[in-house]
Amino acid sequence: MEIVLTEETPYRFRIEEREAMRVPGVVFASRELLPQAAGDKALEQVANVATLPGVVRASYAMPDVHWGYGFPIGGVAATDIDEGGVVSPGGVGFDISCGVRLLAAGLTRAELDPGGFQRLMDILGRTVPRGMGRGGLWELPGPDAMDDLLVGGARYAVEHGHGVPRDLERCEDSGALEGAAPGEVSRRAVERGLGQVGSLGSGNHFLEVQAVDHLYDPDAAAAFGLRPDQVCVMIHCGSRGLGHQVCTDHVKVMDRALHRYGIHLPDRQLACAPVDSAPGRNYLGAMAAAANYGRANRQLLSEAARRAFTTALGTGLDLVYDISHNMAKVETHEVDGRPRRLCVHRKGATRALPPGDPDLPEDLAGAGQPVLVPGTMGTASYVMTGLPGNDAFRSACHGAGRVMSRHQALRTVRGERLRADLESKGVAVRPSSWRGLAEETPEAYKDVDVVADVTEGAGLARLVARLVPLGVVKG
DNA sequence: ATGTAC
């Protein structure tokens with residue numbers, strides 16, 4: 001399908017509804033950020049998503065949108081559950097509950113002496129499990145413990161001594177998404193997950209030591225627990241082999257069941273089933289379980305960071321917030337004048353609740369939900385907050401967004417050279433592999449400063465703080 | 001993203 005974009009505002013483009021599309025496509029971006037690489041199918045994917053049964057309002061793309069499996073990464077789409085709306089694993093992604101967690105340390109950058117920082121990076125480099133396969137911080141004894149973790153998420157980790165109760169107040173859904181169905185997670189997925197709780201993985205996943213560089217909104221920042229020049233830790237990781245296996249298993253089931261529900265798709269990667277059907281319910285139960293695995297994973301990694309901070313610097317870390325940016329959630333939104341029960345897919349997009357939303361903890365009610373926007377290696381990251389009037393079902397961007405393939409990135413720079421460049425700019429690097437490092441070169445990504453500005457310009461979220469990297473432990 | 005392929 002040829003894609004024709006209409007500029008509605010400098011930050012909002014429209015793909016008119018045609019052929020099999022049931023709703024229009026809406027792309028929040030500046031001209032500069034629109035996917036332009038030859039062969040980039042991201043906008044075609046936005047249009048494809050608009051053909052899904054039960055889809056309402058529009059198929060949305062965030063400013064960091066880029067090509068993904070079936071749905072674009074940076075895509076948001078909601079379906080009406082009571083009108084045959086579907087759920088699609090491709091609308092969540094292979095890395096279910098991939099997300100970001102930000103912790104704030106009890107010291108400022110000025111109080112961080114070089115020797116202490118070196119000790120910190122060395123301990124993190126030694127103790128944070130990362131890379132393909134390999135072990136995790138918490139080897140579970142067996143499938144029964146895993147079932148409990150899949151239901152309890154970060155809460156299960158805290159109950160077993162990995163964290164403090166206050167952490168859960170700053171986790172989306174208090175650390176555990178409801179409706180997890182461990183029975184819908186295959187034996188194979190469980191086996192893959194048993195030894196990986198508390199591990200970064202690879203690709204764009206990382207644990208970064210950062211410092212607050214600028215506050216756009218000191219009041220909101222204070223509510224989040226952020227102050228000028230403060231040292232922070234940002235963790236970006238997901239549900240490892242377990243989430244990947246859950247996606248693989250359920251895509252296969254849905255692909256085979258498409259004809260049973262009379263679903264016709266422009267792309268088989270959009271495999272889906274009605275939310276109100278056995279395959280739909282089973283997937284959502286397995287997805288919630290994998291989401292909880294991802295949250296427990298970030299909880300364990302937070303504890304490793306805390307131990308490193310205590311040992312190296314004698315200070316602790318308070319959780320600012322933990323968000324998932326690969327999830328589907330049942331939410332009620334008003335569409336065409338009436339509240340409707342929707343299945344909101346966010347793939348490479350975060351929820352962005354505005355101030356006063358009932359789902360927010362009391363101490364965040366005035367400031368809104370922290371929206372965590374990691375940049376890429378060596379670049380800034382942003383903390384934003386939700387705004388009222390966000391028609392993309394209260395969603396915002398999730399990061400910089402890739403513009404160059406991994407293969408292409410490898411041709412531009414070698415890992416050894418990239419590390420030397422970053423170290424010379426004052427960013428300590430503890431890589432997992434030279435190749436993995438090179439694939440993550442900042443050149444391969446959109447400019448996160450622009451993505452954050454456009455996200456605000458488009459009215460999706462508002463800037464609160466800018467963070468800059470001091471040291472990165474790379475997955 | 002992913003024991004980078006059933």
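None of these values were measured; they are calculated from a predicted model. Below, read A as the first sequence line, B as the second, and so on, with proteins coming before strands; counting in each chain starts at 1.
Across the protein-nucleic acid pair, A/His244 atom NE2 and B/dC6 atom C1' stand 14 Å apart, rounded to whole Å. Remark: P of B/dA5 and CZ of A/Phe94 are 12 Å apart, rounded to the nearest angstrom. Taking atom CD on A/Glu439 and atom P on B/dT4, their separation rounds to 14 Å, with Å as the unit. Between the CG atom of A/Leu410 and the C1' atom of B/dT4 there is a distance of 12 Å, given to the nearest Å. A straight line from CG of A/Asp95 to C1' of B/dT2 spans 9 Å, rounded to a whole angstrom. Between A/Arg130 atom CZ and B/dT2 atom P the separation is 14 Å, expressed in whole Å. Following rounding to the nearest Å, A/Gln245 (CD) and B/dT2 (C1') show an atom-to-atom distance of 9 Å. Distance, A/His250 NE2 to B/dT2 C1': 17 Å, rounded to whole Å.
For the atom pair A/Leu52 CG and A/Leu265 CG, the distance stands at 6.5 Å (nearest 0.5 Å). Between atom CG of residue A/Asp276 and atom CZ of residue A/Arg281 there is a gap of 5.5 Å, rounded to the nearest 0.5 Å. Once rounded to the nearest 0.5 Å, the distance linking NE2 of A/His66 with CE of A/Met404 reads 13.5 Å.
Residue-level contact check: A/Gly241 touches the backbone only, with heavy atoms under 4.0 Å from sugar-phosphate atoms and none from bases. A/Arg134 comes within contact range of no nucleotide atom at all, as no heavy-atom separation falls under 4.0 Å. Counting non-hydrogen atoms under 4.0 angstrom, A/Arg402 reaches nothing in the nucleic acid. Nucleic acid contact class of A/Gln196 (heavy atoms, under 4.0 Å, all strands): sugar-phosphate only. Residue contacts for A/Gly203: at a heavy-atom cut-off of 4.0 Å it reaches the sugar-phosphate backbone alone, with no base atom in range.
Of the charged side-chain nitrogens involved, none lies within less than 4.0 Å of a carboxylate oxygen, so that A/Asp322 and A/Arg295 do not count as a salt-bridged pair.
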- prompt: After noting the C-alpha distance and the side-chain angles of A/Thr127 and A/Arg307, does the key distance pass the side-chain hydrogen bond (donor to acceptor under 3.5 Å, both in side chains) rule?
  reply: CA-CA 10 Å; A/Thr127 60; A/Arg307 286 191 292 273; over 6 Å; no
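The side chain of A/Thr248 places no N or O atom within less than 4.0 Å of a non-bridging phosphate oxygen (OP1 or OP2) of B/dT2.
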